Amino acid sequence: MKEKYPFSEIEPKWQQFWEEEALFRTNLEAPENPYYCLMMFPYPSGTLHVGHGRNYIIGDAVARYKMMRGHTVLSPMGWDAFGLPAENAAIKLGVHPRQSTFENIETAKRQLQAWGCCYDWSLEVTSCLPDYYKWTQWIFLQFYKRGLAYKSEAPVNWCPSCNTVLANEQVVDGACERCDTVVEKRRLSQWFFKITDYAQRLLDDLDALEGWPERVKMMQRNWIGRSDGARIDFRLAPRADGRPDPIEAVPCFTTRVDTIYGCTYMVLAPEFPHLDRLVDGLPEASAVRDFVATASRISAIDRTSDAIEKNGVFTGRQVVNPYTGETVPLWVADYVLMEYGTGAVMAVPAHDTRDWAFARKYDLPIRLSIQNPDQTLVLPEMADAYTEDGLLTDSGPFTGLPSQEAIPRMATYAAEQGFGEPTVHFRLRDWLISRQRYWGAPIPIVYCDQCGIVPIPEEQLPVVLPDDVAFMPGGESPLARHESFMNVPCPTCGAPARRESDTMDTFVDSSWYFLRYLSASDETQAFDTALCDRWLPVDQYIGGIEHAILHLLYARFFTKALHDMGLIHFSEPFAQLFTQGMICKRSEKDGQLYKMSKSKGNVVSPDELIREYGADTSRVYTLFIGPPERDAEWNDRGVEGAFRFLRRLWRWVYEKQSILNGARELRPDLASMETPERDLYRKIHESIRRITQDLDGAFHFNTAIAQIMELMNAVEDVPLDASSSDSRRAVHREAIESIVVLLSPFAPHLCEELWQELGHAPSILRAPWPEVNEAALHRAQIEMVIQVNGKNRGRIEVSAGADAQSLEAEAVRNPQVQKWIEGKTVRKVIVVPGRLVNIAVSG
RNA sequence: GCCCGGGUGGCGAAAUGGCAGACGCAACGGACUUAAAAUCCGUUUUCCGCAAGGAAGUGCGGGUUCGAGUCCCGCCCCGGGCACCA
C-alpha cells in the first residue's frame, strides 16, 4: 500500500475492473427486485462541466446504493443527439453535424467514465442513429393513424434566429428559450401532436404522482391551465343595410357568467376571423381596419405587457345579451387575445379590472351586477372593479344568489335555452413538432397531388436523413433543397410526389427513450411490451428542473398515448422524480453568481479537477456541497476539504493496515468493551442508521457524508496500536470497514481499493450494506439537560432507565438548578425521557 | 395579481416541537520545520466579564406551548412558475 493517496493510479484501475466484470450489465429478463434508475440523457455539446456532473454523480450514487441493497439495477445512458447547436456549428464552421455529434459523444462518454459513473453501455441509445429514429418515425405514424398527429395551418411562433418554428413550451416571455430572440407570429401549415386530448388526464394524474416534487407538479398544473366556465353566444343584431353575416352569433368564453347582467359591451380580438366581413360596408369599417393593422404591428411581448394601455374601436355592430335580451355595442380591442377562449370577451366593467379601465377610457356604461357580502357597493364610489365573488344584484331571476351557486345554474340555463353551455377551457395548446431544420428525425410523410397527405408505409421506415446537404441559413429545411430526397413516388399511387422536408422537434426523440433502453438493439420493434411492463415506470428519474414542463410533460403525454394504444400498460413514465439544483459559480469578471455555463465563462472542467484531486474527491464534494435539490455555489476550497477527508481515510488505513488486518478474525463483543471502544461502537451503528435513513427517504447525501466524517473523527479519537486490546482492535476493524462500505457509493474507487487492502475480494458492490445492531445503540448512562422556564441551567448524568419521578427529584436537588428555583413556586415539571427536564417556576 | 419555494455564524450548511449552529470551509493561536507547504493540537454566533458566569440570538411583529428555527396569524425580502387567460 502506498503512503500517499494514489488516486490517479487506482481510479482508472477500478473503472476498468467494473467494465471487465460487467458489474453494471443488467439481466433484463430475470431481475431480482428490479430498480430502474434513470438520469436524463444529455445533449452532447462539447465537453461536460462539473455542473452537468451533479446529475450523473447523484444517479450513480443511487444506483450503487440500490445494488448494495440487493436490487437488480438498470442504469442506462444514451444521447439526445439531434439538435440545433450541431447544425448551427455546421453552418458556421462547415463540420457535418454527424461528425461533431459523434466526437462530442465520445468526449462526454470518456468524461462520464472518468467520473466513475457506471452504466450498462450495451443498452446505449443514440437518437440520431437510424435504428433509433426509425422508431421515432414509427411512433409518429401510430399517432397519425389515431388522429394524434395532424397538419394544420395556424399562427405559430417563429424564431428568426433559429430559423424555425417553436412549440409554445419553447417560448419564454415572448422569446426563444434557446437563443432569447423575440419570436414572431407566422401563419404556417405545420404538424402538431394532439396533446390537448390528454389535458384533463395530464392534470388529474399529477395528484397520484406522490414521488414528484410539488413544485414540478404545480408548474405543470399552471401550464395546463384548466379554467371552468361557460360558452355564451351573443346573437348579432341584424345590419341596418340588410346584408347577411357569415356568422349568426359571437361565442364568448367566461368564467364569470354570474356577472353577465352587468355586461355593457362585447369585445373581439383584432384577429377575430370574420371581423372584416362583419364591418364591410359600414362607416366604421376603415377605422376598424386601421386599428387591426396597427395592432398586428405591435410585438407579442408589448401586446401582452401589463404596462401598455388598452386600445380599441367601435365596430358599428351590436350584439344581444341572451340573458337580458338587451343590445350592447360590439368593439374590437387589443387586450383580447385570439389564442385564448374564442377570441371574444363579454365586457363587465363593474367586475373586471381590464373592462373597467377600458370602459372608463372610452366612456362606456358600467353596471353593477354583483354586491359584496355587506351590500355596500355603490357605483359612483367605486375606484376600481369589484372582482370578488358576491351576491347577484339586478340580475333578473338570479338576483340574490351567491356567485358560486349562480355560475353552474346560469351555465345550465344557457344550455337549456340553446345559447351556450358549461365549458372547460385549457391553456395548453397542441404541440407543434415541425422544425424547418436538418438535424432531426424526418417526418415520414409525402405529399401527392392525387392522394394528398400520405404516410410512409411502416415497412419502408426509416426515412433516412441524407448526409449530403448544403448547410445554409434560411427559413427552410436544407432537406427541401435535396432533390433526390424530396422527389419520391407516392407510396399509394406511384405518381411523382414530394416528401415533407421538415424534421421533428428533438423533444419527440426524448419522449420515449426510456422505453428504448430495454430494447436498444431490437430491430423488430420500438420497444418490448413485456419488458416495459417489468421495468417501468422508472423507479427513480433524476434531472434538471428546466425540464419541469417541456420534456416531463411530453414524456407523460407519450406514455398515455402509447398506453391507450395498448402498447404499454402503465400510464405514467416516472414514479419518483428528483430535480437537482444548478451548480453556480461567481464570475471572475463581475463577481456575480451565475449558473455554470460555457457562455458565462465560469465553468470548472472535470478533467482538470480529476487530474488534480481525483474523481472521488470531485464526487464527494459535489454531493457534500449542499442539499442536492437546491442550487449551490461551487467553491474551490470546498474541493480541498473533500480531498483532505479522503486522504485522511487513506492514511489511517495505510498506517494501521497490519493492526486492522490482524483483527480480521475478531468480532466486537459488547460485554468486554471499555468506554472508548463502547462509544466508538455506538457511533458506528448510529452512523449506519443515519446514513441509511438519509439515502432511503430523500437524497440527503450532504448529511450522509457529514455523518461519515463524524465517524472518521471518532475513529481517530480512539488510539490504536499493535498493543491495543482485542476488543479495541475488533471495534476499530468494524469501524473502518463500515466507513469504507458506507462511503463506497460516493467514493467508489477509493473504497474498492481499501476494501481490497482490508483483505476482501472485490467488488465492494457485492458487499452487503451494513445492518444496525440495536444493542450497540443502547446507553447505560445518559446526560440530561435541566431547564428552568425553558432555559438551560444545568446537566446531570443519570442511568438510562431512570423513571420520571427520580429524574424530577434529582433535577430539583441539583445545586446549579437550586440557584434558579430558590424562593420560587414550582408550578410544573416536564420530564422528556432521554432528553431533558424542564422546571416551570413562578414568583 | 395568483400559485409554489426559501430567509439560521465570516461562508456552504445541520437540527422526529426538546441542549441552535453537527459536518465542512475560512480565520486566528500553537506544535513540527532553517523556512514555507503539508500535517497535527486548540479557539471561533454576538454582547458584558480577568474569570466563574450572565444576557441576547434562526428576516420582522404577534400567538399557541412547560418549551418554537420547527406549529398558527399578519407582514418584509429573495428566487421560481403562471398571467391583459376573460
Side-chain angles (χ1 to χ4, degrees), chain A residues 4 172-173 213-227 229 252-257 259 266-267 269 303-310 333-337 339-348 351-355 357-358 387 425-427 545-546 548-549 620-621 624-627 629-642 644-645 647-648 651 690 693 700 702-713 716 783-795 816 819 826-842:
Chain A
K4 287 184 78 179
V172 178
D173 292 332
E214 199 48 48
R215 177 161 73 127
V216 174
K217 292 194 275 186
M218 212 59 224
M219 285 184 189
Q220 292 212 355
R221 282 190 196 107
N222 280 339
W223 187 260
I224 295 167
R226 179 185 159 120
S227 53
C252 72
F253 175 76
T254 179
T255 54
R256 288 299 302 274
V257 66
T259 64
M266 182 175 234
V267 202
R303 253 307 270 288
T304 53
S305 135
D306 267 342
I308 226 103
E309 199 174 334
K310 299 139 182 46
D334 54 12
Y335 75 93
V336 178
L337 306 174
E339 301 88 82
Y340 194 82
T342 61
V345 170
M346 63 174 218
V348 184
H351 305 296
D352 180 283
T353 41
R354 289 153 304 167
D355 297 342
F358 193 81
T387 59
H425 186 81
F426 291 96
R427 213 188 66 93
I545 187 78
E546 65 274 18
I549 296 169
V620 168
Y621 176 60
F624 188 64
I625 194 167
E629 69 280 5
R630 278 223 284 266
D631 290 352
E633 184 185 344
W634 188 269
N635 178 351
D636 295 329
R637 307 308 297 259
V639 176
E640 197 86 36
R644 278 203 288 258
F645 168 62
R647 190 174 52 186
R648 205 147 56 87
R651 217 183 150 77
R690 174 77 201 262
Q693 271 172 9
H700 294 159
N702 54 330
T703 50
I705 291 170
Q707 188 67 41
I708 299 174
M709 289 171 168
E710 277 192 61
L711 180 55
M712 188 64 213
N713 292 346
E716 287 175 322
E783 192 184 55
M784 281 183 67
V785 166
I786 308 168
Q787 300 184 331
V788 176
N789 285 346
K791 289 193 197 307
N792 297 352
R793 295 305 182 195
R795 37 192 71 219
Q816 283 151 10
K819 190 157 88 167
V826 176
R827 284 188 295 124
K828 196 171 178 183
V829 180
I830 289 93
V831 179
V832 184
R835 293 206 185 264
L836 53 73
V837 179
N838 188 9
I839 304 164
V841 298
S842 59

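All figures in this text were calculated on a predicted structure; none of them were measured in a lab. Protein chains get the first letters and strands the later ones, always in sequence-line order, with residue 1 at the start of each.
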Original post:
Once you round it to whole Å, what is the distance between C1' of A14(B) and CZ of Arg630(A)?
Top reply: 11 Å
Original post:
How many Å lie between CD on Glu629(A) and P on C4(B), as a whole number?
Top reply: 19 Å
Original post:
For the pair made of NE2 in His700(A) and C1' in G12(B), what is the distance, rounded to whole Å?
Top reply: 16 Å
**OP:** Determine the interatomic distance between P on C77(B) and the same-named atom on G61(B); round to the nearest Å.
**Re:** 16 Å
**OP:** Grab the CZ-P distance between Phe358(A) and C84(B) for me, whole Å please.
**Re:** 17 Å
Subject >> Syn/anti label of G17(B) as read from its glycosidic torsion, with the cut at 90° from 0 >> reply: anti
**OP:** May I have the distance from Phe426(A) (atom CZ) to A86(B) (atom C1'), rounded to whole angstrom?
**Re:** 17 Å
Original post:
Mapping Glu716(A) and Ala632(A) to their closest nucleotides on RNA chain B, which lands nearer the 5' end?
Top reply: Ala632(A)
Original post:
Looking across every strand, which nucleic acid part, if any, lies under 4.0 Å from Lys791(A) by heavy atom: base, sugar-phosphate, or nothing?
Top reply: sugar-phosphate
**OP:** Starting at atom CZ of Arg354(A), determine the distance to atom P of C85(B), rounded to an integer number of angstrom.
**Re:** 4 Å
Original post:
A13(B) pairs with which nucleotide, Watson-Crick or G-U wobble, both distances below 3.5 Å?
Top reply: none
**OP:** For Val345(A) and Cys252(A), run side-chain contact (heavy atoms from CB on, under 4.5 Å): C-alpha distance rounded to whole Å, both residues' side-chain angles, the deciding distance at 0.1 Å, then the answer.
**Re:** CA-CA 5 Å; Val345(A) 170; Cys252(A) 72; 5.7 Å; no
**OP:** Describe, in one word, how the ring planes of Trp634(A) and Tyr621(A) are oriented to each other, choosing from parallel (under 30°), tilted (30 to 60°) and perpendicular (over 60°).
**Re:** perpendicular
Subject >> Pair of N/O donor and acceptor under 3.5 Å linking C82(B) base with Asn222(A) side chain >> reply: no
Original post:
Does the side chain of Arg827(A) come under 3.5 Å of the side chain of Asn789(A) through a donor N or O and an acceptor N or O?
Top reply: no
Original post:
Counting N and O atoms only, with roles assigned by atom type, does the side chain of Arg256(A) sit under 3.5 Å from a partner on the main chain of Thr387(A), one being a donor and the other an acceptor?
Top reply: yes
**OP:** Can you tell me the pairing partner of A20(B) across any strand shown, Watson-Crick or G-U wobble, with both distances under 3.5 angstrom?
**Re:** none
Original post:
Rounding to a whole Å, what distance do you find between Arg221(A):CZ and A83(B):P?
Top reply: 17 Å
**OP:** Could you give the distance separating A55(B) and G59(B) at their C1' atoms, to the nearest angstrom?
**Re:** 22 Å
Original post:
To the nearest angstrom, how far is Trp223(A) atom CH2 from C82(B) atom P?
Top reply: 6 Å
Subject >> C1' spacing across the pair C78(B) / C23(B), given as an integer number of angstrom >> reply: 27 Å
Original post:
Just to confirm, is there a sub-4.0 Å distance from OP1 or OP2 of A38(B) to any side-chain nitrogen or oxygen of Arg651(A)?
Top reply: no
Subject >> Separation of the P atoms in C32(B) and C41(B), to the nearest angstrom >> reply: 15 Å
**OP:** Using a 4.0 Å heavy-atom cut-off across all strands, classify Ile625(A) as base, sugar-phosphate, or nothing.
**Re:** sugar-phosphate
Subject >> First of Val172(A) and Pro627(A) reached from the 5' end of RNA chain B, by closest nucleotide >> reply: Pro627(A)
Original post:
Quantified in whole Å, what is the C1' atom distance between nucleotide U70(B) and nucleotide U58(B)?
Top reply: 10 Å
Original post:
If we take the P atom in both G57(B) and G63(B), what is their distance in whole Å?
Top reply: 14 Å
Original post:
Do Arg648(A) and Asn713(A) come close enough that some side-chain heavy atom pair is under 4.5 Å?
Top reply: yes
**OP:** Indicate whether any N or O donor in one side chain lies under 3.5 Å from an N or O acceptor in the other, for Tyr335(A) and Asp355(A).
**Re:** yes
Original post:
If you measure from the Lys or Arg side-chain nitrogens to the Asp or Glu carboxylate oxygens, is any gap between Lys217(A) and Glu214(A) under 4.0 Å?
Top reply: yes
Subject >> Nearest-0.5 Å distance that lies between atom CD in Gln787(A) and atom CE in Met784(A) >> reply: 10.0 Å
Original post:
Would you say U39(B) has OP1 or OP2 under 4.0 Å from some side-chain N or O of Arg647(A)?
Top reply: yes
**OP:** Take nucleotides 20-26 of chain B nucleotide by nucleotide from the 5' end and write B, S or -, depending on whether a protein heavy atom sits under 4.0 Å from the base, only from the sugar-phosphate, or from neither.
**Re:** S-BBSSS
Subject >> Distance between C1' atoms of A13(B) and C73(B) (Å, rounded) >> reply: 30 Å
**OP:** Using the C1' atom on both, measure C47(B) against U33(B) and round to a whole Å.
**Re:** 40 Å
**OP:** Tell which nucleotide pairs with G5(B), taking only Watson-Crick or G-U wobble pairs whose two distances are both under 3.5 angstrom.
**Re:** C78(B)
**OP:** Among A86(B), C19(B), C4(B), find the nucleotide with the atom closest to the side chain of Thr254(A).
**Re:** A86(B)
Subject >> Leu711(A) CG to Arg690(A) CZ distance, which is reported to the nearest 0.5 Å >> reply: 13.0 Å
